[in-house]
Amino acid sequence: MKILVPVKRVIDYNVKPRVKADGSGVDLANVKMSMNPFDEIAVEEALKIKEAGGAEEVVVVSIGPAKAAETLRTGMAMGADRAIHVTTDNEVEPLAVAKILKAVVEAETPGLVILGKQAIDDDSNQTGQMLAALLGRPQGTFASKVVVEGDSLAVTREVDGGLETVKLAMPAIITTDLRLNEPRYASLPNIMKAKKKPLDAKTPADYGVDIAPRLKTLKVAEPPVRSAGIKVEDVDALVAKLKEMGVA
Ligand code: AMP
């Protein structure tokens with residue numbers, strides 16, 4: 001079995017995003033970019049399944065600008081076998097990403113696609129679900145545990161108030177949650193080896209996908225600054241305040 005892992009290059013999670021002065025978006029000039037953290041978890045899970053004998057090949061795919069190739073090299077330094085880079089300088093919305101991934105899945109026929117539950121730049125949480133719908137395949141989203149059982153998978157999902165385990169017939173789609181695993185770091189020798197692994201360059205047009213945006217961003221703004229709290233004398237005053245605010 002082959003596992004496909006879509007990985008997105010996003011603003012590093014340690015960087016505090018700066019909004020552009022004209023409110024048209026986030027300023028990405030000279031900002032550290034990294035693999036989306038949930039996608040690192042997806043790569044790790046694919047590698048674990050391969051190491052346990054459940055898959056023969058792990059392929060990483062990214063849709064994005066020339067520099068997304070660095071993110072793919074990171075995936076290969078972690079252990080993925082090869083990469084597909086669908087190059088575009090335009091912002092690609094989740095629906096267009098899902099359509100391109102559908103075409104990649106049709107060309108590559110993986111038994112499993114593991115995506116992150118969301119990209120930390122757009123926080124859409126849509127691509128995995130849309131891909132499963134476009135392909136008509138079962139999906140296990142927000143996975144905190146994945147067990148391969150022959151031709152099917154047991155996926156434990158983080159849902160409100162607990163955990164739910166679902167059984168999926170493969171081929172299937174999984175999206176990762178934070179507690180699924182601890183992604184490995186790439187070692188220096190593996191970073192060197194990754195430079196020689198195959199990276200296939202494609203374009204959205206190769207897959208016949210129209211990536212024209214369907215959404216228009218009206219405005220991007222900093223979150224409001226939190227206003228200072230108040231101090232109350234005792235518990236009675238606290239309860240009275242909470243009642244006043246309608247929360248008790
Ligand atoms: P989103 O729906 O945008 O929150 O993204 C969810 C997941 O879809 C990400 O964690 C990635 O696994 C995948 N994904 C989204 N955008 C891209 C992209 N441009 N290239 C590769 N994978 C992507």
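Atoms within each ligand, like the ligands themselves, are counted from 1 in listed order.
- At least one heavy atom of Val97 sits under 4.0 Å from some atom of ligand 1.
- Within the 4.5 Å cutoff, side-chain heavy atoms of Leu101 are placed close to those of Val97.
- For atom 21 (C) of ligand 1, the nearest non-hydrogen atom of the protein is Val7 O, 3.2 Å.
- Against a heavy-atom cut-off of under 4.0 Å, Leu115 is close to the following atoms of ligand 1: 8 (O), 12 (O), 13 (C).
- The nearest heavy-atom contact from the protein to atom 16 (N) of ligand 1 is Lys8 CD, 3.4 Å.
- Expressed to the nearest 0.5 Å, how far CG of Asp27 lies from CG of Asp22 amounts to 9.5 Å.
- A heavy-atom separation below 4.0 Å is found between Val61 and ligand 1.
- Between Asp39 and Lys117 there is no salt bridge, since no side-chain N of the basic residue sits under 4.0 Å from a carboxylate O of the acidic one.
- In summary, Lys48 and Glu51 do not engage in a salt bridge, as defined by a charged side-chain N under 4.0 Å from a carboxylate O.
- Each of Lys197, Lys50, Lys2 was evaluated against Asp81; a single residue qualifies, Lys50, per the salt bridge (Lys or Arg N to Asp or Glu O under 4.0 Å) test.
- Closest to atom 12 (O) of ligand 1 among all protein heavy atoms lies Pro6 O, 2.8 Å.
- Of all atoms in ligand 1, numbered sequentially from 1 with element shown, those under 4.0 Å from a heavy atom of Asp122 are 1 (P), 3 (O), 4 (O).
- For ligand 1 and Asn125, the ligand atoms under 4.0 Å from any heavy atom of the residue are 1 (P), 2 (O), 4 (O).
- Side chains of Leu163 and Ser144 form a contact here, defined as non-hydrogen atoms less than 4.5 Å apart.
- Remark: ligand 1 and Ala119 share an N or O pair separated by less than 3.5 Å (distance only, no angle test).
- Among all non-hydrogen protein atoms, the one lying nearest atom 6 (C) of ligand 1 is Gly116 O, 3.5 Å.
- Shortest contact from atom 1 (P) of ligand 1 to any protein heavy atom: Thr127 OG1, 3.5 Å.
- Residue contacts with ligand 1, taken as heavy atom pairs separated by less than 4.0 Å, involve Asp39 solely via side-chain atoms from C-beta onward.
- Salt bridge Arg184/Glu44: present, at least one basic N to carboxylate O contact under 4.0 Å.
- Looking at Lys99 and Glu93, no side-chain N of the basic residue comes within less than 4.0 Å of a carboxylate O on the acidic one, giving no salt bridge.
- In summary, Glu222 and Arg18 do not engage in a salt bridge, as defined by a charged side-chain N under 4.0 Å from a carboxylate O.
- Residue, atom and distance of the protein heavy atom nearest to atom 18 (C) of ligand 1 are Ile63 O, 3.6 Å.
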